[in-house]
Amino acid sequence: MNKLDQLARHGGYKVYKHKATGREIQEPGAALQSLHRQLHRYLARVEVPEYLHSAVKGRSYLSNARAHVCVGSLIKIDIAKFYQSVPQHKVMHFFRDVLCCAPDVAGLIANLICYRGVLATGSSISPIISYYTFKSLFDDLAALADGHGLNMTCYVDDITMSGAGATRAVLHEARSMIFRAGLRAHKDRSFGEDGAKIVTGVVVGPHGIGLPFARWQKIRQATREISVCTDVAEKLALYPKLVSRLYEASQIDARCRPRAEFHHGQWRALKRTVAAQVLPVAGIEQAA
C-alpha cells in the first residue's frame with residue numbers, strides 16, 4: 001500500500017496539447033501508465049453488452065460503424081468533454097459499490113487513475129472507466145433504442161442508433177437522458193434512409209463502409225508532398241505518415257493496401273540508399 005501511496009503522490013503526468021485538435025492531453029508517467037494498463041486488463045475480462053465497441057478486444061471504431069450497414073435512418077449524438085465530465089468521486093463509487101472494494105482502496109485507486117479530480121485524457125484505462133461510471137446511462141439509452149426497434153452502439157462518447165424508427169424525437173429523448181445524467185450532449189445529427197452516413201469517422205452505406213472524402217484528401221496531399229520533395233531527409237520524414245495513413249485506410253478500403261505496400265517499399269529502398277551512401281563516408285573518415 002505504501003508503494004501505491006507513493007505512486008499516487010509522485011506518479012506524474014505529461015501534459016501537452018494535441019497537434020491536430022489542440023486538446024489538452026494528460027498522459028500518465030511510465031509507472032502509472034503501467035498500473036493503468038494492468039487495471040484495464042482486469043476490467044477487460046468482464047463481459048460487456050453487445051452495444052459497446054470501445055475498450056473491448058476484437059471491437060473497434062470499425063466494428064462500431066459496420067454494425068449500422070444495411071439499415072434505414074440513423075441518428076448519432078456525442079457526449080461533450082466526456083472524460084473531463086467523469087468526476088473522481090464517481091470513479092471511487094464504482095470501485096466501492098460495484099466492485100465491492102474497501103472504501104480506502106477504492107479511494108486510492110480513484111486517485112491513481114484521475115488527474116485533478118477527473119479522468120485523464122491520455123490514460124489507457126479512461127475509455128473503460130468512463131463507460132463503467134456511466135453504465136446505467138448507456139444501458140438506459142440501449143433500452144430507449146430497443147423500445148423503438150433500433151440498433152444502438154457506443155464507442156466511448158459516440159452513441160449511434162439506426163433503424164426505421166431513428167427519428168429526431170428519439171434523438172431529443174436521448175439528449176434529455178444524457179442531460180439528466182449530469183452530462184452535456186453535442187454534435188447530434190440525423191440521416192435519412194438514402195445516402196451515406198458518417199459513423200465514428202467512417203462512411204456507412206447500404207452495402208458496407210468506406211473511407212471519408214477528407215481522409216482521401218489527406219492521402220492525396222501526402223502523396224503529392226513526397227512526389228515533389230527533392231530533399232532526401234525531408235522525404236524520409238514524410239513517408240511514415242503516408243504509409244501509416246494508407247495501412248489504416250486499407251482496413252476500410254482494400255484498394256489502399258497495394259498503395260501502402262508500394263510506398264512502404266519505396267521508403268525502405270530510400271533508407272537503404274541513404275545507408276549505403278553514409279557507410280563508405282564513415283569508413284573514409286575512420287581511415288583518415
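Please read these numbers as outputs of a predicted model, since none were measured by experiment.
Side-chain contact between Tyr132 and Val48 is present, with at least one heavy-atom pair separated by less than 4.5 Å. Between Ile113 and Val91, some side-chain heavy-atom pair lies under the 4.5 Å cut-off. Residues Val203 and Leu211 have side chains not in contact (no heavy-atom distance under 4.5 Å, counting atoms from C-beta outward). Looking at heavy atoms from C-beta onward, Asp78 lies out of side-chain contact with Asp188 at the 4.5 angstrom threshold. Ile159 has its side chain out of reach of Lys76: every pair of non-hydrogen atoms, C-beta onward, lies at least 4.5 Å apart.
Side-chain contact, Tyr16 with Glu27: a donor N or O sits under 3.5 Å from an acceptor N or O. Remark: the Ser124 side chain and the His36 side chain contain no N/O donor-acceptor pair separated by less than 3.5 Å. Counting only N and O atoms by type, the side chains of Tyr247 and His264 include a donor and acceptor under 3.5 Å apart.
Evaluated for a side chain to side chain donor-acceptor pair (under 3.5 Å) with Thr153, the options His68, His53, Arg59, Glu50 yield exactly one hit, His68.
Under the 3.5 Å distance criterion, the side-chain polar atoms of Ser126 are matched with a main-chain donor or acceptor of Ala120. Judged purely by atom type and a 3.5 angstrom limit, Ser244 has no side-chain atom pairing as donor or acceptor with the backbone of Pro240. Remark: the backbone N or O of Arg23 is not paired with any side-chain donor or acceptor of Lys17 at under 3.5 angstrom. Side-chain atoms of Ser176 come within 3.5 Å of backbone N or O of His172 as a donor-acceptor pair. For the pair Ser54 (side chain) and Val156 (backbone), a donor-acceptor distance under 3.5 Å is present. Between the side chain of Lys241 and the backbone N or O of Ala237 there is no donor-acceptor pair closer than 3.5 Å. Gln26 places a side-chain N or O within donor-acceptor distance of the main-chain N or O of Thr121, the cut-off being under 3.5 Å. Checking side-chain atoms of Ser162 against main-chain N and O of Leu150 turns up no donor-acceptor pair under 3.5 Å. For Lys135 (side chain) and Ser130 (main-chain N/O), no donor-acceptor pair under 3.5 Å exists by modelled atom type.
Around the NZ atom of Lys81, the shell of radius 6.0 Å holds no more than 12 heavy atoms that belong to other residues, nucleotides or ligands. Around atom CZ of Arg220, more than 12 heavy atoms belonging to other residues, nucleotides or ligands sit under 6.0 Å away. Counted within 6.0 Å of NZ on Lys271, heavy atoms from surrounding residues, nucleotides or ligands total more than 12; the atom is thus considered enclosed.
Classification of the Tyr51-Tyr131 ring pair by plane angle, with boundaries at 30° and 60°, yields perpendicular. Ring-plane geometry between Phe134 and Phe82 is classed as tilted, the angle between the planes lying from 30 to 60 degrees on a 0 to 90 degree scale.
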Would Val204 and Ile198 count as a side chain to side chain contact (heavy atoms under 4.5 Å, CB included) here? Give the steps. CA-CA 6 Å; Val204 176; Ile198 301 294; over 6 Å; no
